[in-house]
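We use all heavy atoms of the structure for the numbers below, so side chains are in, but hydrogens, waters and symmetry mates are not. Position 1 is the first residue of the sequence; numbering continues from there. Order of listing sets the numbers, starting from 1, for every ligand and every atom in it.
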Amino acid sequence: MQWAVHKFGGTSLADADRIAAAGALVREDRSAARIAVVVSAVGGVTDALVGAVERAAARDDSYRELLAGARQRNEAIARDLLGERADPIQAAIAADVADIEAVLEGLRVTRAISEQAMDLVTGFGELWSAQILCALLQGEGTDATWLDAREVLVVAHATTGPAVRWTETQDRLRAWLGTHQEAIAVITGYIATDPQGIPTTLKRNGSDFSASIFGKLLAANCITIWTDVDGVMSADPRSVPEAVLLPELSYDEAMELAYFGAKVLHPHAMAPAVEGDIPIRIRNSLRPQGAGTELRAFAPRAVEASPRSAVKGFSSTRDIALLNVEGAGMIGVPGISHRLFGALREVGVSVIMISQASSEHSICVAILETEAARAKEAVELAFFAELQTGQIRSVEVSGSYSILAAVGDQMVRTPGVSARLFGSLGKAGVNVRAIAQGSSERNVSVVVSAAERIRALRAVHAGFYLSDQTLSVGLVGPGRIGAELLRQLAAQKELLHSRFQIELRVRGILGRNRMVLDDAGLDLSRWREDLANRAVPADIAAFAAHLRADHLPHAVVLECTASDAISTHYADWLSRGIHVITPNKKASSAAQQDYARLRHVGRARNAHYLYEATVGAGLPVITTLRDLVQTGDQVRRIEGVLSGTLSFLFDALSAAMPFSAVVEQARARGYTEPDPRDDLSGMDVARKAVILAREMGRALELDEVSVASLVPAALRGAGSVDEFLAGLAAFDTDMERLRQSAADAGDVLRYVAVIEAQGPVSVGLRRYPAAHPFARIQAGDNIIAFTTARYAELPLIVQGPGAGPEVTAGGVFADLLRLASYLGAPS
Ligand code: ADP
Ligand code: ASP
Ligand code: MG
């Protein structure tokens with residue numbers, strides 16, 4: 001007689017609809033002649049019953065409400081599903097509740113929670129859900145019955161957990177089956193009887209274990225565990241949003257994950273299935289179309305694994321304490337650990353993890369926080385003599401830790417796993433308190449502070465599961481350049497992902513007053529709507545904290561303002577490991593000391609600060625200069641037209657078009673800053689000159705640049721833009737004289753920056769012969785000439801449009817890709 005076993009967790013039985021869906025899933029299974037359905041209690045009912053026991057013992061009378069709530073939920077579900085036929089079940093529930101009340105009343109008086117009372121009361125949830133599901137199946141015409149597992153399943157409680165009395169259980173089940181030939185047997189999970197006949201349980205989450213036990217007893221062809229996730233994931237999806245489904249897993253891997261806190265499976269659940277060689281499938285009852293995870297006994301695969309593929313999943317346990325025994329007297333003395341563990345065993349403290357340095361100077365064990373005080377006392381007692389003589393210096397206990405375990409069968413044969421694990425933790429700034437590696441090497445466990453549990457989990461998960469080039473991107477300043485940049489990113493996103501494994505997630509946009517944040521990443525086709533409708537008040541600190549998400553390997557700010565208030569935040573961002581990319585010149589031309597600090601902070605944290613677009617917009621000016629410097633060329637002089645606006649002005653200047661008219665025209669076309677004095681003052685060019693000089697290795701302050709302003713001294717004070725433009729006409733003749741005298745000699749005027757390797761740095765008007773490359777540029781072009789040891793005769797020239805949102809955004813984008821490539825993106 002072939003059996004299949006299905007197990008439904010509490011979430012899969014949360015309400016009438018879910019129970020009906022569970023019934024349908026069972027009836028659809030044609031893989032076996034008979035089906036055993038192991039059920040948990042209706043979701044939340046066990047919790048309520050546990051709570052009722054605890055509160056009754058604490059004389060908190062709200063236990064009555066908890067109990068009433070649990071009862072009411074079961075009754076309502078029964079009514080919903082069964083109508084009239086719910087009557088007998090309701091009567092049974094009422095009788096059970098009366099029994100429970102009697103027990104709780106007793107607890108209220110004695111104030112002592114016994115394990116028996118707890119097990120008795122909390123087991124009722126399964127009795128109720130089993131009867132409801134059975135009645136539902138019968139009502140739909142299915143040949144079904146139900147079994148109170150306490151009639152057959154006998155377990156004894158050992159220190160290692162519940163131990164099944166197989167022979168006795170097998171006999172009882174056989175007897176029961178002798179009188180029950182129905183096609184479907186609904187069996188209560190979680191509950192059992194002890195050898196004395198007292199009701200007991202398999203402990204929290206134990207119905208997975210029940211399913212596995214009945215699977216083995218019935219020699220089932222398969223055990224399907226229906227839950228509320230798609231299967232076993234690479235980490236708990238509630239803690240790690242990026243977790244992925246693991247299609248298959250060895251029993252051992254699943255066991256390690258479960259042992260270290262993956263609640264999706266009970267740690268003991270695997271053993272009976274393994275003995276019976278029965279595959280376990282974990283599936284989502286809400287999405288039964290998914291195949292879920294299959295657990296099997298794999299032979300280790302021969303193919304060479306990479307550190308990434310070697311680790312299957314991560315789990316974490318909470319409420320851990322560390323007990324540390326330290327002292328020079330332990331060195332070389334045999335039997336110390338024997339006595340330590342003996343002492344712990346005697347007081348019933350189980351050791352979760354052990355780590356001992358090879359110097360034997362200290363032994364550190366991880367235990368449950370609730371057992372810490374007991375453990376310390378016992379160990380101090382055991383080493384009383386050594387503590388007196390000082391051979392053992394101290395027995396210390398500290399709490400609030402979490403154990404994080406990385407699990408995978410292939411870890412044993414794969415170098416580099418630990419490097420990646422600890423590298424990820426280090427990058428996230430997580431401090432590791434203790435380490436252990438199982439000799440099976442299927443598991444590497446680290447102890448971290450409880451407060452850092454989620455961060456650690458996300459960081460290691462990212463380290464193994466995400467592309468190294470997954471970038472958490474924040475854009476500051478969605479103005480003309482910023483908006484254009486978002487457009488370009490949106491257009492290239494897919495290609496970057498598919499071809500170069502670069503995954504850009506724009507997770508925040510910060511405007512002047514508002515910002516919009518999104519955990520998964522904003523939809524770039526509708527960021528304007530989001531900024532209009534979903535924005536919150538701008539908060540730079542919150543923005544940065546959001547960007548530096550632990551579940552993503554890297555964060556970068558694309559800073560597209562021209563503000564020096566914003567640029568003061570770079571150092572903070574870089575110090576948090578957030579990369580900064582910007583076309584904003586303010587930080588790179590600020591006081592040399594601040595600039596140096598910025599570069600230093602970035603290097604120290606391995607955070608990149610990139611600003612190619614500050615000079616020549618999208619033209620490769622800084623990259624070219626760096627290449628020259630880093631390859632050992634001697635840069636002697638840089639000379640260039642660095643302002644697109646001024647380039648336009650001097651191209652348009654002629655006898656017919658006086659200077660004031662040219663400025664007015666440029667302004668009308670939007671080529672100038674709103675106040676043209678900002679361009680004409682030459683300060684913008686001076687800032688670029690400072691940036692280039694620093695790139696050449698010079699320490700230079702902005703005020704050391706000699707700047708010949710084009711704003712006549714008389715017009716430098718206050719006064720509106722219109723007043724300025726009106727006043728400018730008075731100086732047209734001066735400018736025309738300059739132009740004419742140059743023209744007479746066959747020259748043209750250009751506003752340039754000249755940076756000598758050793759010598760002055762100046763910004764101002766110069767004359768160039770008509771044949772000179774600078775004379776032949778297009779209106780608005782930038783041109784930069786590098787004269788170097790290698791390019792001594794003829795300079796290396798970079799030329800092209802050097803202003804405008806499109807090319808500037810393109811320059812920022814190019815830096816972003818450069819960053820991805822530094823981070824290891826394939827080219
Ligand atoms: P059920 O009631 O079906 O037994 P549980 O709540 O006991 O469900 O277990 C399922 C939950 O386990 C999931 O919702 C998930 O939050 C948690 N979980 C922890 N670790 C993992 C993991 N590695 N994979 C999947 N789920 C996990
Ligand atoms: N209902 C029990 C619990 O919540 C058993 C289980 O769901 O596995 O722990
Ligand atoms: Mg469970």
Side-chain angles (χ1 to χ4, degrees), residues 6-15 18-19 21-22 25 38-51 53 70 73-74 118-119 121-130 149 162 187-192 200-213 224-247 249 253-269 280-287 290 292-293 295 311-318 404-408 453-454 457 460-461 465:
H6 290 259
K7 178 256 167 175
F8 290 91
T11 42
S12 299
L13 303 170
D15 54 34
R18 302 292 305 275
I19 293 179
L25 285 171
V38 175
V39 290
S40 293
V42 167
V45 166
T46 314
D47 286 339
L49 295 172
V50 170
V53 170
R73 279 189 66 202
N74 280 279
M118 183 64 102
D119 283 351
V121 171
T122 60
F124 279 99
E126 271 72 7
L127 289 170
W128 301 334
S129 61
I187 304 175
T188 55
Y190 179 56
I191 55 178
T200 184
T201 70
L202 303 176
K203 305 302 165 204
R204 294 309 307 269
N205 272 304
S207 52
D208 299 331
F209 192 16
S210 306
S212 179
I213 294 169
T224 307
I225 294 186
W226 296 96
T227 180
D228 64 341
V229 270
D230 284 345
V232 182
M233 316 278 288
S234 51
D236 186 343
R238 285 181 224 188
S239 305
V240 182
E242 312 289 322
V244 298
L245 175 69
L246 302 172
L249 217 54
E253 288 171 329
M255 195 121 63
E256 296 276 355
L257 280 176
Y259 179 69
F260 283 97
K263 189 187 169 202
V264 67
L265 258 187
H266 187 280
H268 294 304
I280 300 181
R281 288 208 189 91
I282 321 276
R283 298 176 65 184
N284 190 342
S285 64
L286 282 167
R287 297 194 335 108
T293 301
L295 307 183
V311 175
K312 287 286 183 58
F314 302 92
S315 54
S316 64
T317 40
R318 282 179 254 199
L404 185 156
V407 172
R453 184 181 75 91
I454 302 247
L457 207 49
V460 295
H461 190 271
Y465 267 94

Minimum heavy-atom separation for [X] to [Y], with atom names?
X: Ser239; Y: Leu457; answer: CB-CD2, 3.9 Å
X: Leu257; Y: Gly313; answer: CD2-C, 3.7 Å
X: Thr317; Y: Gly261; answer: CG2-N, 3.8 Å

Quiz item: According to the interplanar angle, ranging from 0 to 90°, do the rings of Tyr465 and Phe314 count as parallel (below 30°), tilted (30 to 60°) or perpendicular (above 60°)?
Solution: perpendicular

Quiz item: Phe8 vs His6 aromatic rings, parallel, tilted or perpendicular, using cut-offs 30° and 60°?
Solution: parallel

Is ligand 1 less than 4.0 angstrom away from at least one heavy atom of [X]?
X: Leu257; result: no
X: Gly231; result: yes
X: Ser315; result: no
X: Lys7; result: yes
X: Pro237; result: yes

If you count the atoms of ligand 2 from 1 in the order shown, which ones are under 4.0 Å from a heavy atom of [X]?
X: Ser40; value: 6 (C), 7 (O), 8 (O)
X: Gly206; value: 5 (C), 8 (O)
X: Arg204; value: 3 (C), 4 (O), 9 (O)

Would you check the N or O atoms of [X], main chain and side chain alike, for any that come under 3.5 Å of an N or O of ligand 1?
X: Gly10; answer: yes
X: Asn205; answer: yes
X: Asp228; answer: yes

Quiz item: Nearest non-hydrogen atom to atom 1 (P) of ligand 1 belongs to which of Thr227, Val232, Val264?
Solution: Thr227

Quiz item: Evaluating non-hydrogen atoms only, which member of Met233, Arg238, Arg204 is closest to atom 11 (C) of ligand 1?
Solution: Arg238

May I ask you to check if ligand 2 and [X] share an N or O to N or O distance below 3.5 Å?
X: Tyr190; result: no
X: Glu126; result: yes
X: Thr46; result: yes

Does any N or O in the side chain of [X] come within less than 3.5 Å of the main-chain N or O of [Y], such that one atom is a donor and the other an acceptor?
X: Thr188; Y: Ala130; result: no
X: Ser129; Y: Ser40; result: yes
X: Glu126; Y: Ala41; result: yes
X: Thr293; Y: Leu246; result: yes
X: Tyr190; Y: Phe209; result: no

Provide, to 0.1 Å, the distance between [atom] and the closest protein heavy atom, together with that atom's residue and name.
atom: atom 8 (O) of ligand 2; result: Ser207 OG, 2.5 Å
atom: atom 15 (C) of ligand 1; result: Asp236 OD1, 3.4 Å
atom: atom 6 (O) of ligand 1; result: Lys263 NZ, 3.1 Å

Quiz item: Just wondering, is there an N, O or S atom on Ser207 that's nearer than 2.8 Å to the Mg ion (ligand 3)?
Solution: no

Quiz item: Thinking salt bridges, do Arg238 and Asp228 make one under a 4.0 Å N-O criterion?
Solution: yes

Quiz prompt | Under-4.0 Å heavy-atom contact with ligand 1, by part of Val229 that carries it | solution = side chain

Self-check item: Val45 side chain near Arg73 side chain, heavy-atom distance below 4.5 Å
Solution: yes

Quiz item: Can you check whether Trp226 reaches Leu25 side chain to side chain, under 4.5 Å on heavy atoms?
Solution: yes

